[in-house]
Amino acid sequence: MSTTFYIPCDSTALALGADAVARSLVAESAQRQLDVTIVRNGSRGLFWLEPMIEVVTPGGRIAYGPVAATDIPSLLDAGLLTGGAHALCLGPVEDIPYLKRQQRISLRRVGVIDPLSVEDYLAHGGTLGLRRALDMTAAEIVKEVTDSGLRGRGGAAFPTGIKWNTVLNASAPQKYIVCNADEGDSGTFSDRMLMEGDPFQLIEGMAIAALAVGATQGYIYVRSEYPHAIVALNTAVVKATQNGWLGDSLLGTGKRFHLEVRKAAGAYVCGEETALLESLEGRRGIVRAKPPLPAISGLFGQPTVINNVITFASVPDILAQGAAAYQSFGSGRSRGTLPFQLTGNIKQGGLVEVPFGLTLRELLYDFGGGSLSGRPLRAVQVGGPLGAYMPESQFDTVLDYEAFAAVNAVLGHGGIVAFDDTVDMLKQARYAMEFCAIESCGKCTPCRIGSTRGVEVIDRLKADQPGQIELLRDLCDTLQNGSLCAMGSMTPYPVLSALNHFPEDFSRRQT
Amino acid sequence: MENLSTIERILAAKQSLPGALLPILHDIQDALGYIPPDAVPSIARALNLSRAEVHGVITYYHYFRQTPPGRHVVRVCRAEACQSVGCEALATHVQSALACEFHATSADGDVTLEAVYCLGHCAVGPNIQIDETTLHARMTPEKFDRLLAELRSKP
Ligand SMILES: Cc1cc2nc3c(=O)[nH]c(=O)nc-3n(C[C@H](O)[C@H](O)[C@H](O)COP(=O)(O)O)c2cc1C
Ligand code: SF4
Ligand code: FES
Ligand code: FES
C-alpha cells in the first residue's frame with residue numbers, strides 16, 4: 001500500500017526548498033523500494049517550520065519540519081512512513097499549538113487539500129455556499145452577507161453587504177465582479193496563500209457575488225510578483241468551468257458567470273480600487289475621483305463589485321453556515337476572523353487566522369515567540385506601508401478596526417511587521433516618504449511632490465538642520481488633507497507615528 | 001523582423017479583449033524579454049490608441065521594460081519586512097557583487113538587477129527572485145555569491 005505525503009507547493013515553501021525535499025523523498029523512496037505518493041498542498045502557514053511535510057498515518061497526519069532535502073535519509077531511517085520519532089517530528093499537525101489556537105474560516109482548506117483537486121474541494125465542503133446561493137434570490141444573498149457583518153479585508157473595512165446592495169440596485173446592461181488581488185502591502189501574504197492553496201474558494205465567492213448582484217463577467221487582477229498564484233488561478237478557472245462552477249450555466253441552473261485572470265504590472269497604487277479599474281481597462285493606473293463609486297460606475301463605466309481576495313473567500317462559508325455563525329466571532333463592530341500575517345523580525349512568522357479581539361501582544365509573543373534576533377521588539381508596523389508604527393506601550397491594543405483607529409493606527413489587511421531595537425525610526429519614516437514618491441500615481445500635488453519634499457526634509461533633519469520637525473509635521477498635514485486617495489493621505493501614518501512614538505531617533509539630531 | 005511577426009501574432013490573438021493593452025504588453029514581454037520601441041506603432045494601430053498613450057502605459061508600470069534584460073533578472077525585495085531582517089545590507093552587497101546599481105545590468109550582460117517591493121514571503125526574508133519563478137528565502141551575502149556563481153556557470 002502506498003503511503004501519502006503532503007509537501008507544500010506554496011511559493012514561500014518553494015523559496016525555502018520544498019521542491020528539493022520532494023525530489024529527495026522520491027529518489028530515496030525509490031532506492032529503498034518504498035511506495036510513496038506525494039500530494040502538493042498549500043502551506044499551513046507555519047513558515048518558520050517550512051518546508052513542513054506531512055505523512056498520512058492511521059493516527060492522522062504527522063508533521064515534520066523544517067525539513068531539508070538532506071534530512072530525508074535520516075527521516076526514512078527513523079520510520080517516517082509510520083510517523084516515527086525524529087528530532088524534526090512535530091506530532092499530529094492539527095495539535096501544533098500555533099494551529100490549534102487558530103479559528104480558520106477563510107483559509108480553512110489551505111494546507112489541508114490539494115489546491116487544484118476538484119474531489120478534495122468537494123470533500124471539504126466546497127460549493128455548498130454556491131449551491132445554497134443558487135436557491136436564493138439576489139436580495140436574500142445580499143442580506144445574508146450584510147447580516148454576517150463582513151467588512152472588506154483589503155484595508156478600508158467597508159461593509160461588504162452594503163457595497164453589494166448598491167450594485168444590486170443599480171440597473172445597467174452589464175455588471176462586473178472584480179477581485180483585488182494586488183496585495184501590495186509589505187508584510188502580507190494571506191491573499192497569495194489562498195490563491196495558491198485554495199483557489200476554488202475564491203472562484204466560488206466571486207460566483208456567489210455575481211448571483212447576488214446580477215453580474216455575468218468577472219476579473220481577478222493579480223500582481224505580477226505572484227507568478228505561482230497566477231498559474232494556480234488559471235488552472236482553477238479551467239477546472240471550475242469544466243465542473244459547472246463557472247460558465248454559461250452555473251451547476252446547470254442556466255445562470256451565467258465567466259471569469260478571467262489578469263496580470264498586473266508592478267504598481268502599488270493599482271491596489272487602490274479605481275486605479276485598478278483604470279489598469280484593467282488598459283490605461284495607466286491613475287486614481288479616479290469619487291464619486292461616482294465603482295458600485296455605480298466602475299469597470300468600463302458599469303456597476304462593479306470590487307473586493308479583496310479574502311473578502312470573497314469568506315463568502316462561501318457565510319452562505320454555507322449562515323450569517324449568524326460568522327457573526328458570532330469577533331469583537332465590537334469587527335465580526336468574523338482576520339488572517340493576520342506575522343512577519344519581519346519575528347521568531348515564528350506565519351499566518352494566524354483568529355477572530356478579532358486578541359491583543360497585538362498575544363500575536364507577537366504567544367504566536368510569534370518574540371523577535372527572530374532575540375533582541376527586544378521595539379516597533380511593529382501594522383497594516384502595510386501606509387500603516388502606523390506601534391511602540392511597545394501600544395502592544396495591548398485589541399485587534400479590531402475601531403480599537404486601532406482609536407490609537408491612530410490601522411489594521412488594514414492584517415500585515416504585522418516586527419522590528420527589533422536595532423531599527424532606526426528616522427530611516428523608516430524616510431522610507432515611507434520615499435515609497436510614496438516612487439508609487440504615487442501623480443494625480444495630486446501633495447502626494448507627488450510632497451513625498452519628495454518629505455524625503456528632503458528628513459535628510460536635512462538627519463543632517464541636524466534646525467526647524468525640520470515642524471516642517472515635517474506641516475507637510476504631513478498637507479498630505480493628510482490634500483490628497484485624493486489613501487496613498488497620499490495615509491503616508492503620514494508611518495511618518496508621524498515614528499516621530500511621535502520614537503522622538504529620540506529624531507530629536508538627537510535636532511539641536 | 002522576427003520580433004514583428006511575434007508582435008503581430010500576439011495582437012491578432014488579444015486585440016479584441018476588453019482592456020487588451022496590459023495582456024498584450026505582458027505577452028510581448030514574456031515572448032521577447034522586453035517591449036521593443038518599434039512595437040508601439042503596431043500596438044497603437046491595433047487598439048486604436050495614440051502612440052503616446054501606449055508609450056505612457058509602458059513607462060507607467062515598473063514591470064515593463066523597454067530594453068532587453070541581461071541573461072538573468074535578479075529582483076531583491078527592499079520592502080519593510082525584509083528591511084527588518086537586513087535586506088539593505090544584502091542590497092549593498094548585491095550591487096557590489098554585480099558591480100552595477102539597481103535597474104541596471106552587469107557589464108558582462110549576465111544579470112539585470114531590479115528592486116521589488118514585497119514578494120509575499122515576508123515571514124522568511126530577506127527574499128530574492130531569480131528570473132520569473134525561482135525564489136530564495138533568508139538570503140545572505142554568502143548564499144547570494146554561491147547563487148551568482150551557479151547562474152554564471154550555466155550556459
Ligand atoms: C494605495 C492603495 C493601495 C491599496 N492596495 C490594495 C490591495 O493591494 N489589495 C486590496 O484588496 N485593497 C487595496 N486597497 C484598498 C482598495 O482601494 C479597496 O478598498 C478594496 O479593494 C475594497 O475591497 P474590500 O472592501 O473587500 O476590502 C488599496 C488602497 C490604496 C489607497
Ligand atoms: S494621493 Fe497620490 S496616489 Fe492618490 S490620487 Fe493623489 S497622487 Fe495619486
Ligand atoms: S481612499 Fe477614500 S477617497 Fe481615497
Ligand atoms: S517585504 Fe520582502 S517579501 Fe514581503
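Each chain gets a letter, A, B and so on, in the order the sequences are listed, and its residues count up from 1.
Heavy atoms closer than 4.5 Å to chain B are found in both the backbone and the side chain of A/Pro385. For A/Leu299, no part lies under 4.5 angstrom from a heavy atom of chain B. With a 4.5 angstrom heavy-atom cutoff, A/Phe47 touches chain B via backbone and side-chain atoms both. Proximity to chain A (any heavy atom under 4.5 Å) is shown, for B/Val57, by both the backbone and the side chain. Contact annotation for A/Glu281: only backbone heavy atoms (N, CA, C, O) come within less than 4.5 Å of a heavy atom of chain B. Heavy atoms of A/Glu260 lying under 4.5 Å from chain B belong exclusively to its side chain. There is no contact between A/Ala379 and chain B, counting heavy-atom distances below 4.5 Å. Only the side chain of A/Val269 comes within less than 4.5 Å of a heavy atom in chain B; its backbone stays farther off. Both the backbone and the side chain of A/Ile438 have a heavy atom closer than 4.5 Å to some heavy atom of chain B. Heavy atoms closer than 4.5 Å to chain B are found in the side chain of A/Arg262, but not in its backbone. Within the 4.5 angstrom heavy-atom criterion, atoms from both the backbone and the side chain of B/Pro18 approach chain A. Within the 4.5 angstrom heavy-atom criterion, atoms from both the backbone and the side chain of A/Ser279 approach chain B. At a 4.5 Å heavy-atom cutoff, the contact between A/Ser11 and chain B is made by backbone and side-chain atoms alike. For A/Asp10, no part sits under 4.5 Å from any heavy atom of chain B, backbone or side chain.
Contacts classified as side chain to side chain donor-acceptor pair (under 3.5 Å) and involving residues 16-35 of chain B (residues at least two apart or in different chains) are given here: B/Lys14-B/Asp27. Listed by first then second residue, pairs satisfying ring pair (Phe, Tyr, Trp, His ring centres under 6.0 Å) with a partner in residues 98-125 of chain B read A/Phe435-B/Tyr117, not counting sequence neighbours.
Under the 4.5 Å side-chain criterion, counting only non-hydrogen atoms from C-beta, A/Lys263 is not in contact with B/Leu22. B/Cys122 is not listed as a side-chain neighbour of A/Val417, based on a closest heavy-atom distance of 4.5 Å or more. By the 4.5 Å heavy-atom criterion applied to side chains, A/Leu16 and B/Arg138 are counted as neighbours.
Most heavy-atom pairs under 4.5 Å with chain A, from the set B/His136, B/Glu132, B/Gln83: that is B/Gln83. Looking only at heavy-atom pairs under 4.5 Å with chain B, the residue among A/Gly17, A/Gly349, A/Ala229, A/Pro227 that has the most is A/Pro227. Comparing A/Tyr268, A/Phe189, A/Tyr219 by how many heavy-atom pairs each has under 4.5 Å with chain B, the most go to A/Phe189. Listed options A/Glu50, A/Gln217, A/Gln428, A/Arg192 were ranked by heavy-atom pairs under 4.5 angstrom with chain B; first place goes to A/Arg192. In terms of heavy-atom pairs under 4.5 Å with chain B, the best-connected choice from A/Gly282, A/Gly184, A/Ser190, A/Ala267 is A/Gly282.
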The test is side chain to side chain contact (heavy atoms under 4.5 Å, CB included); show your working for B/Tyr60 and A/Cys441 and say whether it passes. CA-CA 9 Å; B/Tyr60 180 82; A/Cys441 84; 3.5 Å; yes
Show, in sequence, the C-alpha distance, side-chain angles and deciding distance for A/Arg283 and B/Glu53, and conclude whether the side chain to side chain contact (heavy atoms under 4.5 Å, CB included) test is met. CA-CA 8 Å; A/Arg283 285 190 289 275; B/Glu53 282 170 301; over 6 Å; no
Assess whether side chain to side chain contact (heavy atoms under 4.5 Å, CB included) is satisfied between A/His228 and B/Thr133, documenting all intermediate values. CA-CA 7 Å; A/His228 299 84; B/Thr133 53; 4.2 Å; yes
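Here the shortest heavy-atom pairing between B/Ala123 and A/Gly350 reads CB-N, 4.0 Å. The nearest pair of heavy atoms linking B/Gly120 to A/Tyr226 is CA-OH, 3.8 Å. Across every non-hydrogen atom of A/Phe300 and B/Gly19, the tightest pair is CZ-N, 3.7 Å. Nearest approach of A/Gly266 to B/Tyr63, heavy atoms of both residues: N-CB, 4.2 Å.
At a heavy-atom cut-off of under 4.5 Å, chain B is reached by A/Leu342, A/Thr343, A/Gly344, A/Asn345 from residues 339-347 of chain A, listed in order of number.
In this model, no donor atom of one side chain and acceptor atom of the other lie less than 3.5 Å apart for A/Glu225 and B/Gln129.
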For residues 85-100 of chain B, which side-chain donor-acceptor pairs fall under 3.5 Å, sequence neighbours excluded?
unit_1: B/Glu88; atom_1: OE1; unit_2: B/Arg78; atom_2: NH2; d: 2.6
unit_1: B/Glu88; atom_1: OE2; unit_2: B/Arg78; atom_2: NE; d: 3.1
unit_1: B/Thr92; atom_1: OG1; unit_2: B/Glu88; atom_2: O; d: 2.9
unit_1: B/His93; atom_1: NE2; unit_2: B/Pro141; atom_2: O; d: 3.4
unit_1: B/His93; atom_1: NE2; unit_2: B/Asp145; atom_2: OD1; d: 2.8
unit_1: B/His93; atom_1: NE2; unit_2: B/Asp145; atom_2: OD2; d: 3.4
unit_1: B/Gln95; atom_1: NE2; unit_2: B/Ala91; atom_2: O; d: 3.3
unit_1: B/Ser96; atom_1: OG; unit_2: B/His93; atom_2: O; d: 3.1

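Of the possible donor and acceptor atoms, none in the side chain of A/Ser186 sits under 3.5 Å from a partner among the backbone N and O of B/Cys118. Side chain of B/Tyr61 to main chain of A/Ala264: no donor-acceptor pair is present (N/O by atom type, distance under 3.5 Å, no hydrogens or angles).
Residue B/Asn48 qualifies as open at atom CG: its count of foreign heavy atoms under 6.0 Å is 12 or below.
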